[in-house]
Protein chains: 2
Amino acid sequence: MVTLTEVARRARVTAATVSNVLRNREKVRPETAERVLSAIRELGYRPNLNARALAEGRSSTLALMLGNIANPFYPEFVLAAERAARRAGYFLMVCNTDDDAETGRAYLTQVAGTLAEGVIVLNTDIEINELCASAAIGAPIVLSLWEHPESPPGLPCVAVDFARAGALAATHLLELGHRNIGMLVGDGCGGLQDARANGFREVMRAARIEPDAAAVLQIRDTIDAGYEACIQLMSNTPGLTAIFATNDLLAIGAMQALASLGRQVPEDVSVIGITDIQLAHQVRPALTTVAINTSSIAGLSIDLLIQLMEKGRVDASPPMLQGPPPNLMVRQSTCPPRRAG
Amino acid sequence: MVTLTEVARRARVTAATVSNVLRNREKVRPETAERVLSAIRELGYRPNLNARALAEGRSSTLALMLGNIANPFYPEFVLAAERAARRAGYFLMVCNTDDDAETGRAYLTQVAGTLAEGVIVLNTDIEINELCASAAIGAPIVLSLWEHPESPPGLPCVAVDFARAGALAATHLLELGHRNIGMLVGDGCGGLQDARANGFREVMRAARIEPDAAAVLQIRDTIDAGYEACIQLMSNTPGLTAIFATNDLLAIGAMQALASLGRQVPEDVSVIGITDIQLAHQVRPALTTVAINTSSIAGLSIDLLIQLMEKGRVDASPPMLQGPPPNLMVRQSTCPPRRAG
DNA sequence: ATGAAAGCGCTAACAC
DNA sequence: GTGTTAGCGCTTTCAT
């Protein structure tokens with residue numbers, strides 16, 4: 001490994017000068033800089049980022065903690081986050097907790113403040129106050145995809161108006177004329193997706209439609225779970241003309257279940273989800289869904305995190321950014337019910 | 001930030017002793033160790049991994065370089081790799097090149113040997129000899145998912161017998177009685193998936209079936225590309241009774257295309273892929289495919305990398321591990337052709 | 001504009 | 001067993 005000192009020796013200057021060339025540039029005479037630069041080139045010098053981090057007291061990597069990257073929602077977030085981080089000169093470490101709080105805690109104590117200069121946490125099993133405690137001793141933590149814009153978590157966060165997303169879905173179904181609607185409510189780790197469900201219910205209630213209890217199912221957040229739940233839902237309440245799922249994975253599972261029950265989507269039963277993951281437009285029929293714009297949320301989260309890192313320590317009331325407003329994407333999985341009521 | 005020295009002061013020992021408690025354990029008297037341990041607890045000490053890396057001359061993070069994590073194949077690999085790394089006491093940094101060689105190079109020079117103690121590279125645009133050069137000056141590099149078991153790349157690697165995977169797919173279709181078969185050949189970055197295609201062709205040739213040139217399409221590696229290509233394929237050669245795709249994404253796109261053309265899968269046209277990504281069993285009809293066991297390949301790759309790191313430097317002939325043999329997964333997307341010939 | 005020196009937090013000889 | 005010392009590769013005052 002070629003070190004800064006070796007470069008210095010070769011260029012017949014001292015380490016400090018090389019360091020200056022690498023950063024300030026101004027304070028070093030052009031011809032000296034040139035000598036240093038060629039020494040760097042000739043020796044193939046690459047700075048040791050660990051040493052730099054130690055000396056500067058800050059590292060250039062960020063951590064992203066999530067439950068399980070195999071959930072198709074996450075890769076899109078990771079992609080956007082990594083890009084934003086890279087653009088800002090940071091690396092991104094992915095911390096997969098396997099939906100296990102203990103693993104999450106271990107990551108937090110090991111990584112935050114040493115390897116990673118800041119961390120973004122996506123819905124996790126770890127309690128908020130635990131996260132706060134961790135943020136107090138370690139590095140800044142940004143909670144992303146916070147589902148409750150109305151109540152700040154006590155941690156810097158990026159909130160998404162999922163209630164509004166649910167409401168948009170409800171409005172869409174109502175406008176199409178649906179009255180018998182079933183709900184699939186996902187249980188993303190870190191708790192039920194109830195903001196979405198409540199936003200949906202509120203619009204329904206305003207239209208004087210009270211969903212049948214049998215028409216609500218709470219389940220894990222996968223295609224397979226959506227499939228199973230939908231089968232059960234349709235057997236509980238066969239008269240449904242539409243299904244609202246709190247996320248696209250469930251909605252896709254539901255579409256498959258309906259197909260296997262011999263029910264046409266959307267003619268027999270409409271299906272709508274939330275998120276707009278890539279898969280949503282790749283599936284047939286293409287899924288109508290409420291997009292939350294994952295990429296821009298990821299970008300916002302990284303930006304907020306970096307801002308916090310640069311600013312220094314905690315505020316009395318941590319900032320809460322709003323993600324972009326949810327956006328209805330009408331595709332092929334919804335249409336008016338057979339006999340419009 | 002609480003430092004080792006502060007812990008030492010509190011426990012009324014010296015830094016070396018604390019360090020010993022943290023590692024050797026044996027050489028320190030139990031009661032002293034106890035004092036140190038409580039000091040650690042009371043102060044909430046957490047070791048600075050950067051400082052440790054600098055002092056030890058080796059870090060505890062690994063890097064995984066890939067084209068674009070939004071490709072549904074990668075998350076499964078990342079998940080398994082992260083787990084294997086974690087089990088071995090390493091962290092995993094994800095380096096997304098956005099399918100851009102320049103970005104990949106930048107990552108390699110910045111990360112390899114400083115932040116990351118070793119790196120795993122998945123099919124990338126960077127030339128092999130460039131990787132070799134990089135491995136020579138930086139950290140060990142393991143090439144994973146190498147598609148040509150018969151010719152070692154000159155870099156440690158984990159090879160997968162994709163030709164055999166193609167052959168298994170061919171055999172399956174032949175046994176079902178198919179004779180008119182179209183091919184969708186993907187272009188994963190880093191080159192055409194031709195080992196798979198050739199394995200397939202060889203079996204066909206042995207059965208005296210020469211595929212029509214019009215029945216082979218080469219395309220990008222996404223569902224959408226598979227969709228488009230399949231539409232074109234069926235219009236070129238409408239008589240096809242089966243389609244072989246070199247990966248599941250293409251196969252899934254093909255199934256959707258067939259559906260939109262009003263052709264039943266598998267009754268009118270059978271479809272088979274390679275890989276067995278999660279999605280393969282989640283689509284309807286569930287996709288028949290040849291599984292390569294991504295998780296175990298990822299695990300092998302990490303293990304090999306760690307082994308290389310611990311052993312020290314390069315061998316004359318770098319090791320090539322074989323991934324597990326591919327495995328036919330018969331599901332619902334294949335059946336005998338309508339009029340078995 | 002450049003050099004000298006101290007120190008980031010930790011590890012690893014080696015001495016006691 | 002425990003302390004002393006030096007040093008990992010870099011940055012950053014502070015002199016010159």
Side-chain angles (χ1 to χ4, degrees), chain A residues 1-37 39-40 43-61 109-117 137-139, chain B residues 1-37 39-40 43-61 109-117 137-139:
Chain A
M1 149 160 278
V2 183
T3 72
L4 207 170
T5 320
E6 297 174 312
V7 173
R9 188 161 34 227
R10 179 91 130 109
R12 305 203 283 115
V13 294
T14 163
T17 304
V18 178
S19 183
N20 277 333
V21 172
L22 259 37
R23 348 194 112 279
N24 297 322
R25 304 214 121 227
E26 277 94 63
K27 42 182 347 190
V28 43
R29 200 187 327 140
E31 52 222 54
T32 320
E34 199 35 67
R35 255 194 2 264
V36 171
L37 256 10
I40 288 179
L43 263 33
Y45 166 75
R46 305 172 312 146
N48 181 325
L49 266 23
N50 265 312
R52 180 176 289 177
L54 182 58
E56 284 184 327
R58 42 179 249 92
S59 91
S60 56
T61 110
T109 65
Q110 288 183 108
V111 161
T114 61
L115 289 189
E117 197 52 24
I137 58 170
Chain B
M1 148 159 279
V2 183
T3 73
L4 207 171
T5 321
E6 295 175 312
V7 172
R9 189 159 33 228
R10 180 91 130 105
R12 303 201 285 114
V13 294
T14 163
T17 303
V18 178
S19 184
N20 277 332
V21 172
L22 259 36
R23 352 193 108 277
N24 298 319
R25 304 213 123 228
E26 278 92 63
K27 44 182 347 189
V28 44
R29 200 189 325 140
E31 50 221 56
T32 321
E34 199 35 69
R35 258 200 351 269
V36 171
L37 256 10
I40 288 179
L43 263 33
Y45 166 75
R46 304 172 314 145
N48 182 326
L49 266 22
N50 266 313
R52 181 176 289 178
L54 182 58
E56 284 185 328
R58 41 179 248 93
S59 91
S60 55
T61 110
T109 66
Q110 288 182 108
V111 160
T114 60
L115 289 189
E117 198 52 24
I137 58 169

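Here the structure is a predicted model, which means the values were calculated and not measured. Sequence lines set the chain letters: A, B, ... in the order given, protein chains first and strands last, and positions in each chain run from 1.
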If you measure from [atom1] on [X] to [atom2] on [Y], what distance do you get to the nearest 0.5 Å?
X	Y	atom1	atom2	value
A/Thr32	A/Arg35	OG1	CZ	5.5 Å
A/Leu37	A/Leu22	CG	CG	8.0 Å
A/Lys27	A/Asn20	NZ	CG	5.0 Å

For a quick test of reading the model, state the closest non-hydrogen atom pair linking B/Ala116 to B/Ala139 and the distance between them.
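In this case the closest contact between B/Ala116 and B/Ala139 is O-CB, 4.0 Å.
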Which residues share a salt bridge (Lys or Arg N to Asp or Glu O under 4.0 Å) with B/Arg29, sequence neighbours left out:
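Once residues adjacent in sequence are excluded, the partners of B/Arg29 under the salt bridge (Lys or Arg N to Asp or Glu O under 4.0 Å) criterion are B/Glu31.
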Can you give me the bend angle of the helix from C/dA1-D/dT16 to C/dC16-D/dG1? Use the axis through the first five pairs and the one through the last five, nearest 10 degrees.
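It comes to 40° between the two terminal axes.
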In a table with atom names and distances, give each donor-acceptor pair under 3.5 Å that connects a side chain of residues 43-59 of chain A to protein atoms at least two apart or in another chain.
unit_1: A/Arg46; atom_1: NH1; unit_2: B/Thr109; atom_2: O; d: 3.0
unit_1: A/Arg46; atom_1: NH1; unit_2: B/Ala112; atom_2: O; d: 3.1
unit_1: A/Arg46; atom_1: NH2; unit_2: B/Ala112; atom_2: O; d: 3.0
unit_1: A/Asn48; atom_1: OD1; unit_2: A/Asn50; atom_2: N; d: 2.8
unit_1: A/Asn48; atom_1: OD1; unit_2: A/Ala51; atom_2: N; d: 3.1
unit_1: A/Asn50; atom_1: ND2; unit_2: B/Thr114; atom_2: O; d: 2.8
unit_1: A/Ser59; atom_1: OG; unit_2: A/Thr61; atom_2: N; d: 3.2
unit_1: A/Ser59; atom_1: OG; unit_2: A/Leu115; atom_2: O; d: 2.7

I'd like the 5' and 3' limits of the part of DNA chain D contacted by chain B, with heavy-atom contacts below 4.0 Å.
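Reading along DNA chain D, I get D/dG1 to D/dG9.
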Looking at residues at least two apart in the chain, or sitting in another chain, which of them share a side-chain contact (heavy atoms from CB on, under 4.5 Å) with B/Ala39?
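Checked B/Ala39 against side-chain contact (heavy atoms from CB on, under 4.5 Å); matches are B/Val7, B/Arg10, B/Ala11.
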Could you list the residues that satisfy side-chain contact (heavy atoms from CB on, under 4.5 Å) with A/Ala33, not counting sequence neighbours?
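If we apply the side-chain contact (heavy atoms from CB on, under 4.5 Å) test to A/Ala33, skipping adjacent residues, the hits are A/Val21, A/Val28.
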What is the nucleic acid contact for B/Thr14, judged by heavy atoms within less than 4.0 Å: base, sugar-phosphate only, or nothing?
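Touches a base.
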If a protein heavy atom is under 4.0 Å from the base, mark B; if only from the sugar-phosphate, S; if neither, -; do that for nucleotides 9-16 of chain C going 5' to 3'.
BBSB----
Quick one: does any side-chain atom of A/Thr14 pair with a main-chain N or O of A/Thr17 as donor and acceptor, under 3.5 Å?
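Pair absent, no side-chain N/O of A/Thr14 close to backbone of A/Thr17.
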